[in-house]
Amino acid sequence: MAHGPTILGVLILSAASALTLAASTADTPADPPSSSAVRPGLTLEQYPPHGDAVRGREVYAQNCIGCHGPEGQGDGPAARWLNPIPRNFQQANFKFRSTPSGELPLLADVVHVVTCGLAGSSMPAFPLMAEGDRKAVAAWVLHLAEYGMLRGEVDYRLDDGDALEKILGDDWQEILDETLGDAYEDVWPVEVPQEPENDADSVAHGAELYRAQCVACHGAGGRGDGPSSYALRDWKDAEVVPRDFTTGVFRAGSTPRDLFMRMKTGLNGTPMPQISGSDDDLWALVHFIVSLQDPDTKEAPHPLSCAAHAKDAAR
Ligand code: HEC
Ligand code: HEC
(Lines give C-alpha, C1' and ligand atoms only; values in the text may rest on other atoms or scores of the structure.)
(Ligands and ions follow the chains in the order given, each with its own letter.)
Protein backbone atom coordinates (compact mmCIF):
# COMPACT_ATOMS: atom_id res chain seq x y z
CA MET A 1 0.00 0.00 0.00
CA ALA A 2 2.88 2.32 0.85
CA HIS A 3 3.87 2.41 -2.79
CA GLY A 4 0.42 3.34 -3.98
CA PRO A 5 0.67 7.10 -3.87
CA THR A 6 4.21 7.08 -5.30
CA ILE A 7 3.23 5.00 -8.31
CA LEU A 8 0.20 7.15 -8.82
CA GLY A 9 2.41 10.23 -8.48
CA VAL A 10 4.81 8.96 -11.12
CA LEU A 11 1.94 8.12 -13.42
CA ILE A 12 0.47 11.59 -13.06
CA LEU A 13 3.89 13.16 -13.54
CA SER A 14 4.67 11.21 -16.68
CA ALA A 15 1.22 11.87 -18.07
CA ALA A 16 1.73 15.56 -17.40
CA SER A 17 5.14 15.66 -19.06
CA ALA A 18 3.79 13.72 -22.03
CA LEU A 19 1.12 16.38 -22.34
CA THR A 20 3.65 19.19 -22.10
CA LEU A 21 5.74 17.50 -24.78
CA ALA A 22 2.70 17.04 -27.01
CA ALA A 23 1.75 20.66 -26.54
CA SER A 24 5.21 21.96 -27.32
CA THR A 25 5.67 19.86 -30.44
CA ALA A 26 2.13 20.27 -31.78
CA ASP A 27 1.68 22.56 -34.73
CA THR A 28 0.31 25.47 -32.69
CA PRO A 29 -0.77 28.37 -34.86
CA ALA A 30 0.77 31.72 -33.99
CA ASP A 31 -1.04 34.06 -31.60
CA PRO A 32 -3.42 36.31 -33.49
CA PRO A 33 -2.23 39.91 -33.58
CA SER A 34 -3.56 41.64 -30.49
CA SER A 35 -3.73 45.35 -29.94
CA SER A 36 -4.99 45.02 -26.37
CA ALA A 37 -1.49 45.80 -25.05
CA VAL A 38 -1.45 48.70 -22.61
CA ARG A 39 -0.95 52.08 -24.25
CA PRO A 40 -2.27 55.54 -23.59
CA GLY A 41 -5.60 56.30 -25.18
CA LEU A 42 -9.27 55.68 -24.55
CA THR A 43 -9.89 52.60 -22.37
CA LEU A 44 -13.11 50.61 -22.41
CA GLU A 45 -13.69 51.66 -18.78
CA GLN A 46 -13.73 55.26 -19.97
CA TYR A 47 -16.59 54.49 -22.35
CA PRO A 48 -19.03 52.58 -20.12
CA PRO A 49 -22.17 50.98 -21.59
CA HIS A 50 -25.67 52.15 -20.83
CA GLY A 51 -29.15 50.66 -21.31
CA ASP A 52 -29.33 47.10 -22.63
CA ALA A 53 -25.58 46.95 -23.27
CA VAL A 54 -24.91 46.77 -19.50
CA ARG A 55 -26.63 43.37 -19.31
CA GLY A 56 -25.14 42.54 -22.72
CA ARG A 57 -21.63 42.78 -21.32
CA GLU A 58 -22.46 39.93 -18.88
CA VAL A 59 -24.08 37.79 -21.57
CA TYR A 60 -20.99 38.38 -23.69
CA ALA A 61 -18.63 37.36 -20.87
CA GLN A 62 -20.51 34.07 -20.52
CA ASN A 63 -20.94 33.16 -24.17
CA CYS A 64 -18.66 35.01 -26.54
CA ILE A 65 -15.38 35.93 -24.87
CA GLY A 66 -13.64 32.63 -25.67
CA CYS A 67 -13.63 33.46 -29.36
CA HIS A 68 -14.18 37.23 -29.63
CA GLY A 69 -11.84 38.15 -26.75
CA PRO A 70 -12.23 40.25 -23.59
CA GLU A 71 -12.70 43.54 -25.44
CA GLY A 72 -14.13 42.13 -28.68
CA GLN A 73 -10.95 42.25 -30.73
CA GLY A 74 -11.40 38.72 -32.06
CA ASP A 75 -8.52 37.52 -29.90
CA GLY A 76 -10.08 35.06 -27.45
CA PRO A 77 -8.10 31.92 -26.53
CA ALA A 78 -9.90 29.81 -29.18
CA ALA A 79 -9.37 32.34 -31.98
CA ARG A 80 -6.05 31.01 -33.22
CA TRP A 81 -7.62 27.68 -34.13
CA LEU A 82 -10.43 29.15 -36.20
CA ASN A 83 -10.69 29.94 -39.88
CA PRO A 84 -12.24 32.36 -40.60
CA ILE A 85 -11.09 34.13 -37.46
CA PRO A 86 -13.72 35.62 -35.12
CA ARG A 87 -14.78 39.16 -35.84
CA ASN A 88 -12.92 42.06 -34.25
CA PHE A 89 -15.92 44.20 -33.28
CA GLN A 90 -13.74 47.25 -32.59
CA GLN A 91 -12.97 47.46 -36.32
CA ALA A 92 -16.69 48.14 -36.85
CA ASN A 93 -16.69 46.09 -40.05
CA PHE A 94 -19.79 43.90 -40.19
CA LYS A 95 -20.25 41.55 -43.12
CA PHE A 96 -23.88 40.53 -42.79
CA ARG A 97 -26.18 43.51 -42.71
CA SER A 98 -29.39 44.87 -44.12
CA THR A 99 -27.82 48.36 -44.24
CA PRO A 100 -25.97 50.02 -47.15
CA SER A 101 -22.39 49.06 -48.01
CA GLY A 102 -19.83 50.31 -45.52
CA GLU A 103 -22.36 51.06 -42.77
CA LEU A 104 -22.90 49.64 -39.29
CA PRO A 105 -25.54 46.91 -39.00
CA LEU A 106 -28.96 47.37 -37.44
CA LEU A 107 -29.33 45.92 -33.95
CA ALA A 108 -31.72 43.40 -35.59
CA ASP A 109 -28.94 42.26 -37.97
CA VAL A 110 -26.66 41.42 -35.04
CA VAL A 111 -29.51 39.70 -33.18
CA HIS A 112 -30.11 37.61 -36.31
CA VAL A 113 -26.46 36.51 -36.49
CA VAL A 114 -26.52 35.56 -32.78
CA THR A 115 -29.80 33.66 -33.16
CA CYS A 116 -28.94 31.78 -36.34
CA GLY A 117 -25.12 31.62 -36.32
CA LEU A 118 -23.02 31.79 -39.47
CA ALA A 119 -23.20 28.48 -41.37
CA GLY A 120 -19.85 27.27 -42.66
CA SER A 121 -17.92 29.10 -39.91
CA SER A 122 -17.43 28.42 -36.21
CA MET A 123 -19.81 31.23 -35.21
CA PRO A 124 -22.44 29.26 -33.26
CA ALA A 125 -26.19 29.82 -33.21
CA PHE A 126 -27.80 30.74 -29.86
CA PRO A 127 -31.48 29.98 -30.56
CA LEU A 128 -32.16 28.98 -26.93
CA MET A 129 -30.80 32.19 -25.45
CA ALA A 130 -33.63 34.41 -24.14
CA GLU A 131 -34.58 37.03 -26.70
CA GLY A 132 -33.84 39.83 -24.21
CA ASP A 133 -30.31 38.48 -23.76
CA ARG A 134 -29.74 38.24 -27.51
CA LYS A 135 -30.80 41.88 -27.91
CA ALA A 136 -28.64 42.89 -24.95
CA VAL A 137 -25.53 41.13 -26.26
CA ALA A 138 -26.11 42.69 -29.69
CA ALA A 139 -26.22 46.12 -28.01
CA TRP A 140 -22.89 45.33 -26.33
CA VAL A 141 -21.38 44.27 -29.67
CA LEU A 142 -22.41 47.63 -31.15
CA HIS A 143 -21.02 49.36 -28.07
CA LEU A 144 -17.67 47.67 -28.73
CA ALA A 145 -17.79 48.91 -32.32
CA GLU A 146 -18.51 52.43 -31.08
CA TYR A 147 -15.65 52.14 -28.63
CA GLY A 148 -13.30 51.10 -31.44
CA MET A 149 -14.28 54.11 -33.54
CA LEU A 150 -13.94 56.50 -30.59
CA ARG A 151 -10.58 55.02 -29.65
CA GLY A 152 -9.41 55.62 -33.22
CA GLU A 153 -10.48 59.26 -33.01
CA VAL A 154 -8.74 59.69 -29.64
CA ASP A 155 -5.53 58.14 -31.04
CA TYR A 156 -5.72 60.47 -34.03
CA ARG A 157 -5.97 63.53 -31.77
CA LEU A 158 -3.17 62.27 -29.52
CA ASP A 159 -0.95 61.87 -32.59
CA ASP A 160 -1.90 65.42 -33.47
CA GLY A 161 -0.45 66.60 -30.16
CA ASP A 162 -3.66 67.13 -28.14
CA ALA A 163 -3.53 66.25 -24.43
CA LEU A 164 -5.61 63.26 -23.27
CA GLU A 165 -7.18 65.42 -20.51
CA LYS A 166 -8.44 67.90 -23.09
CA ILE A 167 -9.68 65.16 -25.41
CA LEU A 168 -11.60 63.38 -22.66
CA GLY A 169 -12.64 66.68 -21.04
CA ASP A 170 -13.53 69.75 -23.06
CA ASP A 171 -13.58 68.00 -26.45
CA TRP A 172 -15.36 64.81 -25.45
CA GLN A 173 -18.98 65.75 -26.15
CA GLU A 174 -18.05 67.06 -29.59
CA ILE A 175 -16.11 63.86 -30.34
CA LEU A 176 -19.07 61.72 -29.27
CA ASP A 177 -21.54 63.72 -31.34
CA GLU A 178 -19.39 63.78 -34.46
CA THR A 179 -18.00 60.24 -34.44
CA LEU A 180 -21.22 58.48 -33.49
CA GLY A 181 -23.41 60.88 -35.44
CA ASP A 182 -21.47 60.10 -38.61
CA ALA A 183 -21.41 56.38 -37.87
CA TYR A 184 -25.19 56.09 -37.54
CA GLU A 185 -26.19 58.64 -40.18
CA ASP A 186 -26.78 56.16 -42.99
CA VAL A 187 -27.82 53.14 -40.96
CA TRP A 188 -31.21 52.35 -42.45
CA PRO A 189 -32.62 49.06 -43.78
CA VAL A 190 -32.26 48.37 -47.50
CA GLU A 191 -35.54 47.29 -49.07
CA VAL A 192 -35.78 43.91 -50.74
CA PRO A 193 -38.32 44.12 -53.59
CA GLN A 194 -40.73 41.35 -54.55
CA GLU A 195 -38.93 38.40 -56.15
CA PRO A 196 -39.87 37.86 -59.80
CA GLU A 197 -40.45 34.37 -61.14
CA ASN A 198 -37.39 32.11 -61.14
CA ASP A 199 -37.67 30.91 -64.75
CA ALA A 200 -35.24 29.91 -67.51
CA ASP A 201 -35.00 33.49 -68.84
CA SER A 202 -34.01 34.87 -65.46
CA VAL A 203 -31.39 32.14 -64.93
CA ALA A 204 -29.95 32.77 -68.42
CA HIS A 205 -29.76 36.52 -67.76
CA GLY A 206 -28.09 35.79 -64.42
CA ALA A 207 -25.54 33.50 -66.09
CA GLU A 208 -24.58 36.29 -68.46
CA LEU A 209 -24.09 38.82 -65.65
CA TYR A 210 -22.24 36.21 -63.61
CA ARG A 211 -19.71 35.60 -66.40
CA ALA A 212 -18.96 39.31 -66.53
CA GLN A 213 -18.91 40.16 -62.81
CA CYS A 214 -18.34 37.13 -60.61
CA VAL A 215 -16.26 34.50 -62.43
CA ALA A 216 -12.88 36.04 -61.52
CA CYS A 217 -13.50 35.28 -57.85
CA HIS A 218 -16.25 32.66 -57.66
CA GLY A 219 -15.10 30.59 -60.66
CA ALA A 220 -16.90 29.43 -63.80
CA GLY A 221 -18.66 26.58 -62.01
CA GLY A 222 -19.23 28.62 -58.84
CA ARG A 223 -16.81 26.61 -56.73
CA GLY A 224 -15.07 29.67 -55.31
CA ASP A 225 -11.99 28.88 -57.39
CA GLY A 226 -11.78 31.74 -59.90
CA PRO A 227 -8.34 33.00 -60.99
CA SER A 228 -8.39 35.83 -58.41
CA SER A 229 -9.64 33.62 -55.60
CA TYR A 230 -6.23 32.55 -54.35
CA ALA A 231 -4.91 35.99 -53.51
CA LEU A 232 -7.87 37.52 -51.69
CA ARG A 233 -7.40 39.14 -48.29
CA ASP A 234 -9.79 40.87 -45.93
CA TRP A 235 -9.14 44.16 -44.16
CA LYS A 236 -7.05 42.43 -41.50
CA ASP A 237 -4.97 40.80 -44.21
CA ALA A 238 -6.43 37.40 -43.34
CA GLU A 239 -7.00 34.98 -46.21
CA VAL A 240 -10.60 34.97 -47.39
CA VAL A 241 -12.12 32.51 -49.84
CA PRO A 242 -15.05 33.31 -52.15
CA ARG A 243 -18.15 31.29 -51.39
CA ASP A 244 -18.55 27.91 -53.14
CA PHE A 245 -22.09 28.08 -54.56
CA THR A 246 -22.28 24.35 -55.29
CA THR A 247 -22.54 23.53 -51.57
CA GLY A 248 -25.64 25.65 -51.04
CA VAL A 249 -24.18 26.75 -47.67
CA PHE A 250 -24.30 30.50 -47.15
CA ARG A 251 -23.12 32.20 -43.98
CA ALA A 252 -26.05 34.44 -43.32
CA GLY A 253 -28.98 32.47 -44.73
CA SER A 254 -29.70 30.84 -48.06
CA THR A 255 -33.16 32.11 -48.94
CA PRO A 256 -33.36 34.13 -52.18
CA ARG A 257 -34.07 37.17 -50.00
CA ASP A 258 -30.88 36.62 -47.96
CA LEU A 259 -28.79 36.29 -51.14
CA PHE A 260 -30.34 39.40 -52.69
CA MET A 261 -29.49 41.34 -49.51
CA ARG A 262 -25.86 40.08 -49.49
CA MET A 263 -25.33 41.29 -53.07
CA LYS A 264 -27.15 44.56 -52.57
CA THR A 265 -25.17 45.48 -49.43
CA GLY A 266 -21.81 43.74 -49.98
CA LEU A 267 -19.71 42.17 -47.21
CA ASN A 268 -17.95 45.06 -45.44
CA GLY A 269 -14.22 44.59 -45.02
CA THR A 270 -13.94 41.75 -47.57
CA PRO A 271 -13.31 41.72 -51.33
CA MET A 272 -16.96 40.75 -51.87
CA PRO A 273 -18.29 44.00 -53.33
CA GLN A 274 -21.69 45.56 -53.30
CA ILE A 275 -23.19 44.49 -56.64
CA SER A 276 -24.72 47.24 -58.74
CA GLY A 277 -27.49 46.61 -61.23
CA SER A 278 -31.26 46.78 -61.45
CA ASP A 279 -33.39 44.76 -59.05
CA ASP A 280 -34.13 42.34 -61.91
CA ASP A 281 -30.39 41.92 -62.53
CA LEU A 282 -29.79 41.08 -58.86
CA TRP A 283 -32.68 38.62 -58.79
CA ALA A 284 -31.37 37.00 -61.99
CA LEU A 285 -27.98 36.57 -60.29
CA VAL A 286 -29.70 35.02 -57.27
CA HIS A 287 -31.55 32.60 -59.54
CA PHE A 288 -28.36 31.69 -61.36
CA ILE A 289 -26.22 31.05 -58.26
CA VAL A 290 -28.98 28.99 -56.67
CA SER A 291 -29.03 26.87 -59.88
CA LEU A 292 -25.33 26.07 -59.30
CA GLN A 293 -26.06 24.09 -56.13
CA ASP A 294 -25.07 20.44 -56.48
CA PRO A 295 -28.38 18.49 -56.31
CA ASP A 296 -26.68 15.87 -54.11
CA THR A 297 -25.96 18.35 -51.31
CA LYS A 298 -28.28 18.46 -48.35
CA GLU A 299 -29.74 21.64 -46.98
CA ALA A 300 -27.59 23.13 -44.23
CA PRO A 301 -29.14 22.42 -40.85
CA HIS A 302 -30.69 25.53 -39.35
CA PRO A 303 -31.85 26.17 -35.79
CA LEU A 304 -35.64 25.80 -35.78
CA SER A 305 -36.29 29.46 -35.08
CA CYS A 306 -34.19 30.39 -38.09
CA ALA A 307 -35.97 27.96 -40.40
CA ALA A 308 -39.20 29.69 -39.37
CA HIS A 309 -37.50 33.02 -39.86
CA ALA A 310 -36.42 32.00 -43.35
CA LYS A 311 -39.94 30.89 -44.20
CA ASP A 312 -41.41 34.22 -43.14
CA ALA A 313 -38.76 35.74 -45.41
CA ALA A 314 -38.46 38.29 -42.65
CA ARG A 315 -34.90 39.06 -43.69
C1 HEC B 1 -16.64 29.29 -31.23
C2 HEC B 1 -16.27 30.65 -31.53
C3 HEC B 1 -17.32 31.74 -31.44
C4 HEC B 1 -18.17 32.04 -30.39
C5 HEC B 1 -18.33 31.33 -29.06
C6 HEC B 1 -18.89 33.22 -30.80
N7 HEC B 1 -18.49 33.61 -32.06
FE8 HEC B 1 -19.21 35.21 -33.10
N9 HEC B 1 -18.02 34.73 -34.68
C10 HEC B 1 -17.12 33.70 -34.70
C11 HEC B 1 -16.46 33.67 -35.99
C12 HEC B 1 -15.40 32.69 -36.43
C13 HEC B 1 -16.98 34.74 -36.74
C14 HEC B 1 -16.60 35.15 -38.16
C15 HEC B 1 -17.36 34.41 -39.23
C16 HEC B 1 -17.12 34.97 -40.61
O17 HEC B 1 -16.25 35.83 -40.78
O18 HEC B 1 -17.82 34.57 -41.53
C19 HEC B 1 -17.95 35.38 -35.87
C20 HEC B 1 -18.68 36.51 -36.26
C21 HEC B 1 -19.58 37.17 -35.41
C22 HEC B 1 -20.30 38.37 -35.79
C23 HEC B 1 -20.10 39.11 -37.08
C24 HEC B 1 -21.27 39.34 -37.95
C25 HEC B 1 -20.94 40.20 -39.15
O26 HEC B 1 -21.90 40.72 -39.72
O27 HEC B 1 -19.78 40.37 -39.54
C28 HEC B 1 -21.07 38.73 -34.70
C29 HEC B 1 -22.01 39.91 -34.57
C30 HEC B 1 -20.82 37.75 -33.67
N31 HEC B 1 -19.92 36.83 -34.14
C32 HEC B 1 -21.37 37.80 -32.41
C33 HEC B 1 -21.14 36.85 -31.42
C34 HEC B 1 -21.77 36.90 -30.11
C35 HEC B 1 -22.65 38.02 -29.62
C36 HEC B 1 -21.38 35.76 -29.46
C37 HEC B 1 -21.80 35.29 -28.09
C38 HEC B 1 -23.24 35.27 -27.82
C39 HEC B 1 -20.46 35.03 -30.34
N40 HEC B 1 -20.37 35.73 -31.51
C41 HEC B 1 -19.85 33.85 -30.02
C42 HEC B 1 -16.87 32.80 -33.69
C43 HEC B 1 -17.54 32.74 -32.47
C1 HEC C 1 -13.26 40.37 -55.88
C2 HEC C 1 -13.79 39.08 -55.64
C3 HEC C 1 -15.29 38.86 -55.69
C4 HEC C 1 -16.18 39.21 -56.68
C5 HEC C 1 -15.91 39.95 -57.97
C6 HEC C 1 -17.48 38.69 -56.26
N7 HEC C 1 -17.37 38.07 -55.04
FE8 HEC C 1 -18.89 37.22 -54.00
N9 HEC C 1 -17.61 36.79 -52.47
C10 HEC C 1 -16.24 37.03 -52.49
C11 HEC C 1 -15.67 36.61 -51.24
C12 HEC C 1 -14.20 36.69 -50.87
C13 HEC C 1 -16.74 36.11 -50.46
C14 HEC C 1 -16.65 35.55 -49.05
C15 HEC C 1 -16.41 36.67 -48.05
C16 HEC C 1 -16.37 36.22 -46.63
O17 HEC C 1 -16.91 35.18 -46.30
O18 HEC C 1 -15.80 36.94 -45.83
C19 HEC C 1 -17.94 36.23 -51.26
C20 HEC C 1 -19.20 35.85 -50.86
C21 HEC C 1 -20.34 35.88 -51.64
C22 HEC C 1 -21.66 35.44 -51.21
C23 HEC C 1 -21.94 34.78 -49.88
C24 HEC C 1 -22.85 35.40 -48.86
C25 HEC C 1 -23.06 34.47 -47.67
O26 HEC C 1 -23.98 34.76 -46.87
O27 HEC C 1 -22.39 33.47 -47.50
C28 HEC C 1 -22.50 35.62 -52.29
C29 HEC C 1 -23.98 35.30 -52.35
C30 HEC C 1 -21.71 36.19 -53.36
N31 HEC C 1 -20.41 36.35 -52.92
C32 HEC C 1 -22.20 36.51 -54.61
C33 HEC C 1 -21.44 37.13 -55.62
C34 HEC C 1 -21.97 37.46 -56.92
C35 HEC C 1 -23.33 37.06 -57.43
C36 HEC C 1 -20.96 38.12 -57.58
C37 HEC C 1 -21.00 38.75 -58.95
C38 HEC C 1 -22.15 39.59 -59.26
C39 HEC C 1 -19.83 38.20 -56.69
N40 HEC C 1 -20.16 37.56 -55.52
C41 HEC C 1 -18.64 38.81 -57.01
C42 HEC C 1 -15.53 37.63 -53.51
C43 HEC C 1 -16.06 38.15 -54.65
Side-chain angles (χ1 to χ4, degrees), residues 56 59-69 72 74 76-79 81-89 91-99 104-105 107 109-115 117-126 129 133-134 136-142 144-145 206 209-219 222 224 226-229 231-236 238-245 247-256 258-277 281-282 284-286 288-290 292 300:
V59 178
Y60 179 88
Q62 281 158 13
N63 298 282
C64 324
I65 227 168
C67 291
H68 290 283
W81 305 102
L82 306 179
N83 182 5
I85 53 176
R87 191 75 70 257
N88 177 346
F89 300 128
Q91 302 260 352
N93 260 325
F94 291 82
K95 291 184 191 174
F96 308 108
R97 310 163 331 281
S98 60
T99 58
L104 287 173
L107 185 82
D109 292 333
V110 182
V111 172
H112 185 254
V113 167
V114 174
T115 309
L118 294 172
S121 87
S122 52
M123 170 63 202
F126 295 86
M129 187 185 279
D133 283 354
R134 280 181 276 133
V137 80
W140 173 246
V141 164
L142 289 177
L144 290 168
L209 296 168
Y210 182 89
R211 272 194 295 277
Q213 298 182 52
C214 323
V215 163
C217 293
H218 289 279
S228 308
S229 68
L232 298 177
R233 293 279 184 278
D234 71 7
W235 77 101
K236 284 180 83 184
E239 198 176 308
V240 58
V241 193
R243 202 68 73 245
D244 177 346
F245 299 134
T247 65
V249 177
F250 294 94
R251 291 280 151 84
S254 49
T255 65
D258 291 322
L259 300 178
F260 185 98
M261 189 64 98
R262 296 290 85 76
M263 289 181 205
K264 185 96 182 171
T265 66
L267 272 59
N268 289 353
T270 83
M272 171 62 202
Q274 169 195 13
I275 308 297
S276 46
D281 287 350
L282 294 196
L285 280 163
V286 168
F288 177 66
I289 65 175
V290 166
L292 293 173

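We count ligands from 1, going down the list as the structure has it; atoms in each ligand are counted the same way. Keep in mind that what you see is a predicted model, and the values were worked out from it rather than measured.
- Looking from atom 5 (C) of ligand 2 to the surrounding protein, the closest heavy atom is Q213 O, 3.4 Å.
- Contact annotation for V241 and ligand 2: only backbone heavy atoms (N, CA, C, O) come within less than 4.0 Å of the ligand.
- Without hydrogens or angle criteria, N88 side chain to G74 main chain gives no donor-acceptor distance under 3.5 Å.
- Note on ring orientation: taking the six-membered ring where Trp is involved, the planes of F245 and H218 are parallel (angle under 30°, cut-offs 30° and 60°).
- The side chain of F245, and not its backbone, has at least one atom closer than 4.0 Å to an atom of ligand 2 (non-hydrogen atoms only; side chain from C-beta on).
- Remark: minimum distance from atom 33 (C) of ligand 1 to any protein heavy atom is reached at M123 CE, 3.3 Å.
- Inter-residue side-chain proximity for L144 and H68 is flagged as unmet; no heavy-atom pair is nearer than 4.5 Å.
- Set against the non-hydrogen atoms of A252, the atoms of ligand 2 under 4.0 Å away are 26 (O).
- The distance from the NZ atom of K95 to the CZ atom of R87 is 4.5 Å, given to the nearest 0.5 Å.
- Looking only at side-chain heavy atoms (C-beta outward), L209 and C214 stay at 4.5 Å or farther from each other.
- Contact annotation: for P124 versus ligand 1, heavy atoms closer than 4.0 Å belong to the side chain alone.
- By the criterion of a heavy-atom distance under 4.0 Å, both the backbone and the side chain of P84 are placed next to ligand 1.
- Nearest protein heavy-atom contact of atom 36 (C) of ligand 1 is C64 SG, 2.7 Å.
- Near L118, meaning under 4.0 Å from any of its heavy atoms, are these atoms of ligand 1: 15 (C), 20 (C).
- In the vicinity of I85, heavy-atom distances shorter than 4.0 Å reach the ligand 1 atoms 12 (C), 14 (C).
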Evaluation steps, side chain to side chain contact (heavy atoms under 4.5 Å, CB included), between W140 and V59:
CA-CA 9 Å; W140 173 246; V59 178; over 6 Å; no

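- Of the options V137, V141, D133, a side-chain contact (heavy atoms from CB on, under 4.5 Å) to V114 is made by V137 and by none of the others.
- When each atom of ligand 2 is checked for a heavy atom of I275 under 4.0 Å away, the hits are 36 (C), 37 (C), 38 (C).
- Closest to atom 2 (C) of ligand 1 among all protein heavy atoms lies C67 SG, 1.9 Å.
- Classified by interplanar angle (parallel below 30°, tilted 30° to 60°, perpendicular above 60°), the ring pair Y60/F89 is perpendicular.
- When atom types are taken as modelled, the side chain of S228 and the backbone of C217 share no donor-acceptor pair closer than 3.5 angstrom.
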In sequence, state the C-alpha distance, the side-chain angles, and the governing distance for V113 and L118, and then conclude on side chain to side chain contact (heavy atoms under 4.5 Å, CB included).
CA-CA 7 Å; V113 167; L118 294 172; 3.9 Å; yes

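- Shortest non-hydrogen contact noted between G253 and F250 is O-CB, 3.4 Å.
- Taking 4.5 Å as the limit, every side-chain heavy atom of F96 sits out of range of all side-chain heavy atoms of D109.
- Looking at S122 next to ligand 1, no N or O pair under 3.5 Å apart turns up.
- Close contacts of ligand 1 with V114, meaning ligand atoms under 4.0 Å from a residue heavy atom, involve 35 (C).
- When every heavy atom of C67 is checked against every heavy atom of L82, the shortest pair comes out as SG-CD1, 3.8 Å.
- Here CD of Q274 is found 13.0 Å from CZ of R262. Values are rounded to the nearest 0.5 Å.
- Residues R243 and R251 meet the side-chain proximity criterion, which asks for heavy atoms closer than 4.5 Å.
- Residue-ligand proximity, L285 to ligand 2, at heavy-atom distances under 4.0 Å covers atoms 38 (C).
- Here the closest non-hydrogen pair linking P227 and V215 is CD-O, 4.0 Å.
- Put simply, the side chain of Q213 does not reach to within 4.5 Å of the side chain of D281, judged on heavy atoms.
- Near R251, meaning under 4.0 Å from one of its heavy atoms, ligand 2 places the atoms 17 (O), 25 (C), 26 (O), 27 (O).
- The backbone and the side chain of N63 each have at least one atom closer than 4.0 Å to an atom of ligand 1 (non-hydrogen atoms only).
- Within the listing of ligand 2, atoms 16 (C), 17 (O), 18 (O) sit less than 4.0 angstrom from a heavy atom of K95.
- Nearest protein heavy-atom neighbour of atom 26 (O) of ligand 1: F96 N, 2.8 Å.
- Not close to ligand 1: G66, with no non-hydrogen atom less than 4.0 angstrom away.
- Closest heavy-atom approach to atom 24 (C) of ligand 2 among the candidates R262, Q274, R211: R262.
- For H68, a nitrogen or oxygen atom sits less than 3.5 Å from a nitrogen or oxygen atom of ligand 1, counting backbone and side chain alike.
- Note on atom 8 (Fe) of ligand 2: protein N, O or S atoms under 2.8 Å away count 2, no waters included.
- At least one donor-acceptor pair closer than 3.5 Å links the side chain of T265 to the backbone N or O of M261.
- Ranking protein heavy atoms by distance to atom 28 (C) of ligand 1, first place goes to F89 CE2, 3.5 Å.
- Taken to the nearest 0.5 Å, the CE atom of M272 stands 11.5 Å off from the CG atom of L232.
- Which parts of ligand 1 touch S121 is read off a 4.0 Å heavy-atom cut-off, strictly below it: atoms 15 (C).
- Contact annotation: for Y60 versus ligand 1, there are no heavy atoms closer than 4.0 Å.
- Here the protein heavy atom with the shortest distance to atom 13 (C) of ligand 1 is P86 CA, 3.7 Å.
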